[in-house]
Engineer: 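First, the structure itself, so that you have it in front of you.
Just so it is clear: chains get the letters A, B, ... in the order the sequence lines come, proteins before strands, and each one is counted from 1.
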Amino acid sequence: MAGCAAGRGGSVTVRARSAAVELVVPLSILVAWGLWSARAGNLFFPPLAAIAASFRENWLFARFASDVVPSLERLALGYALAAAGGIAAGVLIGRWAAARAATRPLVEFLRAIPPPLLIPVAILVLGIGPQSKIFIIAIGCVWPILLNTIDGVREIDLVVLETAIVYHTSRADRILRIVIPAASPRIALGLRSALSLALILMVVSEMEASTNGIGFFILQAQRSFAITDMWSGIVLLGVLGVGLNLAFAAVERRLLRWHREAHAGPLALVH
Amino acid sequence: MARSAGRSRVSRWAPGILGVIAPLALLEGLSRSGVLLPEFPPVSVVAHALAAQLVHGSFWLNVGYTLEGWAAGLAIAAVLAFPAGILIGSKGLAYRLLRVPIEFLRPIPSVALIPLAVLVFGTDLSNKVFLVAFGCFWPLLLQAVHGMQDVDPLVQDTVRSFGITGLTRFFHVTLPSISPYLATGIRLASSVALVLAVTCELIVGVPGVGEAVLVAQSSGDYPLMYALIAATGVVGVALDKLIRSVERRAIRWQVALRGEAAA
């Protein structure tokens, strides 16, 4: 609680002190790891400085175009497909009770299948090119988006919808201007959990029958005992995970600002 | 009365059953008539392979291997994550010290550690258990932290004014009030655990369902491949139902207490 208050309203020195407290542990972990790994001579845990050098060598920017760009392209395409399909199907199923009843057991079963198990099928049907990897990312990410969209659409205030019908708004207008915006906080929740899933499936899909990508790179590095290269890839995936998370949070804050303001209470609007 | 309840149950289930049977019948027709590629065998052939697997010992052995990794990883993660989450969530110094490292470690995709796990643990069960435990640690930790931050402050103050502290307070106030969060954490982590166990089997070749699917694919036994995938889906649904029923039972008293919220 104290940290919270200091972060919001405290003076600069209080805020700086609170930030310093928060950075104590991460910095000491890094320093301890650096010191230990430099002396340990452990084959599997190379010196931190060597990992940093390998990171610079591989990812800034020698292998950026050959491995990072293909990975991120497939991630973006699979995620976009899952978002489009999940939101569209979710609006349909959420608005239509018969579709909800008919699809529930099937959806429950399909989403229980671990997506990596479909990799052998995808390789068989779509080959070892980018299509099979995009398919795996899309099929894994679609479930949280679909289920959250359905729930979000079902929670819509009926008075608002009926008012819109009374005013003779078209069906398309009602879906685009009322249903989807009203469900958007839940859709965002689904998109957020799908994003970390997308990164995981990107890596996994590149570890089986692949020729490039970050997942392919770290597994190849391990198999050829290029341990510092492997570590540099793991660090890159960590950086990507944190970066994607922060980017999502920033976009969500911007897009859903109206929602937070509307729910901050009527007083904020009256004054 | 009984008859109308029976009929309403039929009308409740009928659309869902139809929603499963219709796509299956469509697939059967399409692959029998040769519209689909030979990589998609008819549903009836897959069902036959599935039935053969159910009486086959090696199938249950593989399911057992997968569930072994699932259970051991989940248990280790819970033993580590729940105490850590309770400590971090109790608003003290621990929360401020560990917030930043958690924010940075949590988004690391667990599967990035597969190559490292191969080096350190080899290609047997311990590899799978490590990966599952790492992946499950985060949802369990976050649920415990959220649960602690949601303990009713009025209850806490009341308990403090009665002079109840230490273990008594923990077991009679804190633990009961965070238990729904812990149960939800277990349910979320369970599906993560199944995905990671299967991934590890598929990529590393640790024995289990994931490896069996890959072997079936590479030996061209496509009905078996689909049968194993479908069976894993059934296992996933069954685990989810099992955990939900345990969850409901564990927190029933709480739902009764908060009757107005549930209604």
Engineer: Quick check for you: among B:Leu97, B:Ile114, B:Val195, B:Val237, which has the greatest number of heavy-atom pairs under 4.5 Å with chain A?
Structural biologist: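 Sorted descending by pairs with chain A, the first entry is B:Leu97.
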Engineer: First locate atom CG of B:Leu228, then atom CG of A:Leu117, and finally report the distance between them rounded to the nearest 0.5 Å.
Structural biologist: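 Reported to 0.5 Å precision, the distance equals 8.5 Å.
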Engineer: Find the one option among B:Gly135, B:Gly19, B:Pro107, B:Gly236 whose heavy-atom pairs under 4.5 Å with chain A are most numerous.
Structural biologist: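 Result: the option with the highest number of such pairs is B:Pro107.
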Engineer: Evaluate the side chain to side chain contact (heavy atoms under 4.5 Å, CB included) criterion for residues B:Leu93 and A:Val21: first the C-alpha distance (whole Å), next the side-chain angles of each, then the deciding distance (0.1 Å), finally the verdict.
Structural biologist: CA-CA 9 Å; B:Leu93 189 61; A:Val21 168; 4.2 Å; yes
Engineer: I need the residue from B:Ala231, B:Ala22, B:Ala112 with the largest number of non-hydrogen atom pairs under 4.5 Å to chain A.
Structural biologist: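 Option with the top pair count is B:Ala112.
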Engineer: Looking at A:Ala112, A:Pro115, A:Gly233, A:Ala102, which makes the most heavy-atom pairs under 4.5 Å with chain B?
Structural biologist: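 Top option by heavy-atom pairs under 4.5 Å: A:Ala102.
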Engineer: For B:Arg187, does the CZ atom have more than 12 heavy-atom neighbours from other residues, nucleotides or ligands under 6.0 Å away?
Structural biologist: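 Buried by this count: over 12 neighbours within 6.0 Å.
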Engineer: Just how far is it from atom CD1 of B:Ile203 to atom OG of A:Ser205, taken to the nearest 0.5 Å?
Structural biologist: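 Answer rounded to 0.5 Å: 8.5 Å.
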Engineer: Can you list the residues of residues 208-220 of chain A that sit under 4.5 Å from chain B, counting heavy atoms only?
Structural biologist: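 Near chain B, by residue number: A:Glu208, A:Ile218, A:Leu219.
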Engineer: Contact part of B:Val198 toward chain A, heavy-atom cut-off under 4.5 Å: side chain, backbone, both or neither?
Structural biologist: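 For B:Val198, the contact with chain A is made by the side chain alone.
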Engineer: Side chain, backbone, both or neither: which part of B:Leu18 has a non-hydrogen atom closer than 4.5 Å to chain A?
Structural biologist: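 Neither; nothing under 4.5 Å.
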Engineer: Could you pull out the closest heavy-atom pair between B:Ser110 and A:Ile200, with the gap in Å?
Structural biologist: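 Minimum heavy-atom separation between B:Ser110 and A:Ile200: OG-CD1, 4.1 Å.
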Engineer: Side chain, backbone, both or neither: which part of B:Phe40 has an atom under 4.5 Å from a heavy atom of chain A?
Structural biologist: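 It is the side chain, since no backbone atom gets that close.
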Engineer: Looking at B:Val111, B:Leu105, B:Ile108, which has the largest count of heavy-atom pairs under 4.5 Å with chain A?
Structural biologist: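 Highest number of pairs under 4.5 Å: B:Val111.
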Engineer: Which region of A:Met207, side chain (C-beta onward) or backbone (N, CA, C, O), has a non-hydrogen atom less than 4.5 Å from a non-hydrogen atom of chain B, or is it both or neither?
Structural biologist: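 Both parts, backbone and side chain.
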Engineer: Please check if atom CZ in B:Phe104 has more than 12 non-hydrogen atoms from other residues, nucleotides or ligands closer than 6.0 Å.
Structural biologist: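 Atom CZ in B:Phe104 is not crowded, with 12 or fewer foreign heavy atoms closer than 6.0 Å.
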Engineer: Sort A:Leu23 into side chain, backbone, both or neither according to what part of it lies under 4.5 angstrom from a heavy atom of chain B.
Structural biologist: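 A:Leu23 touches chain B through side-chain heavy atoms alone.
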Engineer: Return a table of donor-acceptor pairs under 3.5 angstrom between the side chains of residues 209-220 of chain B and protein atoms on other chains or two or more places apart.
Structural biologist:
{"from": "B:Gln217", "atom 1": "NE2", "to": "A:Pro120", "atom 2": "O", "distance (Å)": "3.0"}
{"from": "B:Ser218", "atom 1": "OG", "to": "B:Leu214", "atom 2": "O", "distance (Å)": "3.0"}
{"from": "B:Ser218", "atom 1": "OG", "to": "B:Val215", "atom 2": "O", "distance (Å)": "3.2"}
{"from": "B:Ser219", "atom 1": "OG", "to": "B:Val215", "atom 2": "O", "distance (Å)": "2.9"}
{"from": "B:Ser219", "atom 1": "OG", "to": "B:Ala216", "atom 2": "O", "distance (Å)": "3.3"}

Engineer: B:Leu116 versus chain A, heavy atoms under 4.5 Å apart: side chain, backbone, both or neither?
Structural biologist: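 Both parts, heavy atoms under 4.5 Å.
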Engineer: When rounded to the nearest 0.5 angstrom, what is the spacing between CD1 in B:Ile21 and CG in A:Leu106?
Structural biologist: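 It is 11.5 Å, given to the nearest 0.5 Å.
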Engineer: Check the surroundings of atom CZ in A:Phe225: do more than 12 heavy atoms from other residues, nucleotides or ligands lie under 6.0 Å from it?
Structural biologist: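 Not more than 12 within 6.0 Å, no.
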Engineer: Looking at CD of A:Glu22 and OH of B:Tyr95, how far apart are the two atoms once the value is rounded to the nearest 0.5 Å?
Structural biologist: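 The CD atom of A:Glu22 sits 8.0 Å away from the OH atom of B:Tyr95.
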Engineer: A:Ala226: which residues meet the side chain to side chain contact (heavy atoms under 4.5 Å, CB included) condition with it, sequence neighbours left out?
Structural biologist: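 Residues passing side chain to side chain contact (heavy atoms under 4.5 Å, CB included) with A:Ala226: A:Ala221, A:Ser224, A:Asp229.
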Engineer: What verdict does the side chain to side chain contact (heavy atoms under 4.5 Å, CB included) test give for B:Leu98 and A:Val25, after you've listed the backbone C-alpha separation in whole Å, the side-chain angles of each residue and the deciding distance to 0.1 Å?
Structural biologist: CA-CA 7 Å; B:Leu98 295 176; A:Val25 173; 3.9 Å; yes
Engineer: If I measure from the heavy atoms of chain B, does A:Ile119 come under 4.5 Å with its side chain, its backbone, both, or neither?
Structural biologist: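 Interface part for A:Ile119: side chain.
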Engineer: Quick one: which residues of residues 235-242 of chain A reach chain B at under 4.5 angstrom, heavy atoms only?
Structural biologist: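 Result: A:Leu237, A:Gly238, A:Gly241, A:Val242.
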Engineer: Pick from B:Thr232, B:Leu202, B:Ile229, B:Thr66: which one makes a side-chain contact (heavy atoms from CB on, under 4.5 Å) with A:Pro114?
Structural biologist: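 The residue from B:Thr232, B:Leu202, B:Ile229, B:Thr66 that satisfies side-chain contact (heavy atoms from CB on, under 4.5 Å) with A:Pro114 turns out to be B:Thr232.
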Engineer: Is the number of heavy atoms from other residues, nucleotides or ligands within 6.0 Å of CH2 (A:Trp96) greater than 12?
Structural biologist: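 No, CH2 of A:Trp96 has 12 or fewer neighbouring heavy atoms, counting only those of other groups under 6.0 Å.
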Engineer: What part of B:Val192 lies closer than 4.5 angstrom to a heavy atom of chain A: side chain, backbone, both or neither?
Structural biologist: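 When you check distances to chain A, no heavy atom of B:Val192 falls under 4.5 Å.
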Engineer: Can you give me the closest heavy-atom contact between A:Ile113 and B:Gly233, atom names plus distance?
Structural biologist: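 Where A:Ile113 meets B:Gly233 most closely, the heavy atoms are CG1-CA, 3.7 Å.
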Engineer: Quick one: of A:Asn245, A:Thr103, A:Val121, A:Val107, who has the most non-hydrogen atom pairs under 4.5 Å with chain B?
Structural biologist: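 The candidate making the most pairs under 4.5 Å is A:Val121.
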Engineer: Considering only heavy atoms from C-beta outward, does the side chain of B:Ile17 approach that of A:Pro105 to under 4.5 Å?
Structural biologist: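 No. Closest side-chain heavy atoms not under 4.5 Å.
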Engineer: Less than 4.5 Å to any heavy atom of chain B: does that hold for the side chain of A:Arg223, its backbone, both, or neither?
Structural biologist: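 For A:Arg223, the contact with chain B is made by the side chain alone.
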Engineer: Answer yes or no: does atom OH of B:Tyr65 have more than 12 heavy-atom neighbours from other residues, nucleotides or ligands under 6.0 Å?
Structural biologist: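 No - once you tally the heavy atoms of other residues, nucleotides and ligands closer than 6.0 Å, there are 12 at most.
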Engineer: Which region of A:Leu244, side chain (C-beta onward) or backbone (N, CA, C, O), has a non-hydrogen atom less than 4.5 Å from a non-hydrogen atom of chain B, or is it both or neither?
Structural biologist: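 No part of A:Leu244 comes within 4.5 Å of chain B.
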Engineer: Rounded to the nearest 0.5 Å, what separation is found between the CG atom of B:Leu119 and the CE atom of A:Met230?
Structural biologist: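 Answer for the CG-CE pair, B:Leu119 versus A:Met230, is 5.0 Å.
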